[in-house]
Amino acid sequence: MTTTRNPGLEDPTDVRAIPRRSVGQTLLASGTVLALIALIVFFFAMRPDVFLGFTNVRNILYQVAILAIISGAQTIVMVVGDFDLSVAATSALAGAVASSMMLGGTPVPAAILVGLAVGVLVGLVNGVLVAYLNLSAFVATLATLTSVTGLAFLVTEGTTLFKMPEEFNNLGQGRFLQIPLPVFIATGISLILWALLKYTTLGRRWYATGGNAEVSRLSGVNVRLARLLAFTVAGLVAAIGGILLAARLGSASAVQGEDNLLFSVAAVFLGMTVVRSGAANIIGTLVGVAIIGVMSNGLNILGVNSYVQQVVTGLIIIAAVTLSSLKTRER
Amino acid sequence: MRKTFRATVVLAAAAALALTGCTTGGGTGGDNGGDDGTFRVIAFTSGNQTPVGAWWVKAVEAKADELGWDLTMIQGDFDFQKMNPAVESAIGQGADAIFNGYTDVASIQSIVTAARDAEIPMFAMDAGTEPTDAYVLNVTTDQQGIVDQTVGALDEALGGLDGKTVMVIGHDPHAGIRMRSALAVEALEEAGATIAGGDMQKVQSPATGRTETLAFVADFMSANPGALDGVWAGWDDAALGAAQAITEAGEAGKVTGVDAVSEAIAQIQAGGAMLATVEQPWPSILDQVIAAMVAYQEDGTLPDENFEAAATTLVTAENAADITPSDKLE
């Protein structure tokens, strides 16, 4: 009987198995966290009156809440060793479908459920293409991205949908204890995904599949089903992000939030450098999301040109991937 | 076997003849029309996925039907690598006129060359902000007029611009937005306003214009509470993001946009942070360009001027109810 342990978790047995490391290795291992701390210290030094104030911290959390959700979806897929290029498009389609139905008179809860079902369906299609038809995740989700974007244009008729019911918009714009609701929702979803990955058999099977699919299969893991479920859950989570984005903006369009694809991948890669195993993990992803949010907010506050911000974002991704590959080699 | 071979040869010959027929007769002006006298037009746009671009495609197809034109419509989806060769290929098949909708001349140099080589005149609407020999006619909107109207609206709402802080939101890849946002910076500075953040804030992608602008404005207000008096945005989607950021922060800044989309008009009517937008008269511009093409079809007459800038209408709470939103054009 083979047991699988989750290599992405801060498992004490895993820690014991790893030999003592030098300070340099430790710094390397926690380089992403250090980068986040360095960014916070730097921006705080530049604008001590503002940067860590309640309003600005809330502002940062609000800005990254939806990215955190979509990055969670990307994390699940990357845990099984795949890649989903369609997360942002799926989220846009789900938001568009839900909004369109609300504008057509469908009650808010029912419209949201249909939007979520759209996400599940797209995830299922991705899962079938990758796990059962053996298409590469890159090709399959690229194709899905194209079709899903087309569907979103059909749903919106190329326009921006708005005038959704107030109760729906409140999901994205309302506040509880002065904190925007999307922050609570993102926190809740992240907790659920973290628990799913850390404490459930499914999560362990996902990590095992991502670690070595063939060994997992020989160990009795239904690898195909695991990958199918990963894509399906990712579709569902992406749909939650998209519906929330529509509520947050009070509008929905076919290409809404398309930058979430690049940023979600960047966040997961950044997060992979946080744990010793180098595997995708939710806590690391949240660190990655925080880096992106802090960097964007800090550079905006300092008045840095957005083109420069884009260059810096790219460099950060390169640095993260480099760190990740160094860690892999180290193992 | 011999029968099959003969049939193949006959089919090949027929196909060759048909293809020859398709490729003969380039447009040379004056005596216009295909072999059967039909006026052949190649129309293309890269912006078919925008509401106005989608309207333009439908409107041009309807006009072509009405006028009995043989229309080839090419939709580029902002993908010039796909669109340009498709248009050049259509030019190679022969045509009497080309109609460019909303595609900046800088992005279609290979099409311009192909059209020039084939001696086919190119008509355009909103396809560049300055006169160019690439077109026999390009009718666009008056960018300086747009800036005068929107900056004037801010000036009036803020009780003068001197000493005020205004953020300008631009987007360089779009020629019209690039020009008018640069003009807006000039106009605001001339009026004594300070540009928030020291310079224009540039959105990277129109698809994320609203969220990018929301972040720009929210971050600026977070760092400078109460300091932002207004936001001038080069298009409505960005303006709506700015208005949302101001509303969420509970501040009193005012926002202007350009495009007159229905969401912006609704917000102007609601009386929030969204102060004004600008209606660009696309239907009348389309009629003007089509009339010029019909004149060319009839006797080869080309327009006297190759560039015209049409006047626009400022949309405020007073006239918002009378404006047809640009995303509801029919």
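What you see below is based on every heavy atom in this structure, not just the backbone, and it leaves out hydrogens, waters and symmetry mates. Keep in mind that what you see is a predicted model, and the values were worked out from it rather than measured.
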With chain B, the option among A:T55, A:D49, A:N59, A:L302 that has the most non-hydrogen atom pairs under 4.5 Å is A:N59
What part of B:A54 lies closer than 4.5 angstrom to a heavy atom of chain A: side chain, backbone, both or neither? neither
Using non-hydrogen atoms and a 4.5 Å limit, figure out which bit of A:L245 sits close to chain B: side chain, backbone, both or neither. side chain
With a 4.5 angstrom heavy-atom cut-off, which part of A:E157 approaches chain B: side chain, backbone, both or neither? neither
Hey, which residues of residues 242-271 of chain B are touching chain A, say heavy atoms under 4.5 Å apart? B:Q244, B:E248, B:S262, B:E263, B:A266
Can you name the residues of residues 248-260 of chain A that have some heavy atom under 4.5 Å away from a heavy atom in chain B? A:R248, A:L249, A:G250, A:S251, A:V255, A:Q256, A:G257, A:E258, A:D259
Take atom CZ in A:F54; do more than 12 heavy atoms of anything else shown fall under 6.0 Å from it? yes
Can you tell me how far apart CD (B:Q201) and CG (A:N300) are? Round to the nearest 0.5 Å. 6.5 Å
Nearest 0.5 Å, what's the NZ-OH distance between B:K202 and A:Y307? 5.0 Å
Between B:L240, B:D327, B:T208, B:D237, which has the largest tally of heavy atom pairs under 4.5 Å with chain A? B:T208
Pairs under 3.5 angstrom only: tabulate donor-acceptor contacts from the side chains of residues 221-235 of chain B to other protein residues two or more places apart or in another chain.
from, atom 1, to, atom 2, distance (Å)
B:S222, OG, A:N56, OD1, 2.7
B:N224, ND2, B:F220, O, 3.0
B:D229, OD2, B:T165, N, 2.8
B:W232, NE1, B:T150, OG1, 2.7

For residues 95-105 of chain A, give me every residue with a non-hydrogen atom less than 4.5 Å from any non-hydrogen atom of chain B. none
Is B:D199 in contact with chain A via its backbone, its side chain, both, or neither, using a 4.5 Å heavy-atom distance? neither
Flag if over 12 foreign heavy atoms under 6.0 Å of NZ, B:K82: yes
Gap between atom CG of B:D219 and atom CD of A:Q63 - 0.5 Å precision: 4.5 Å
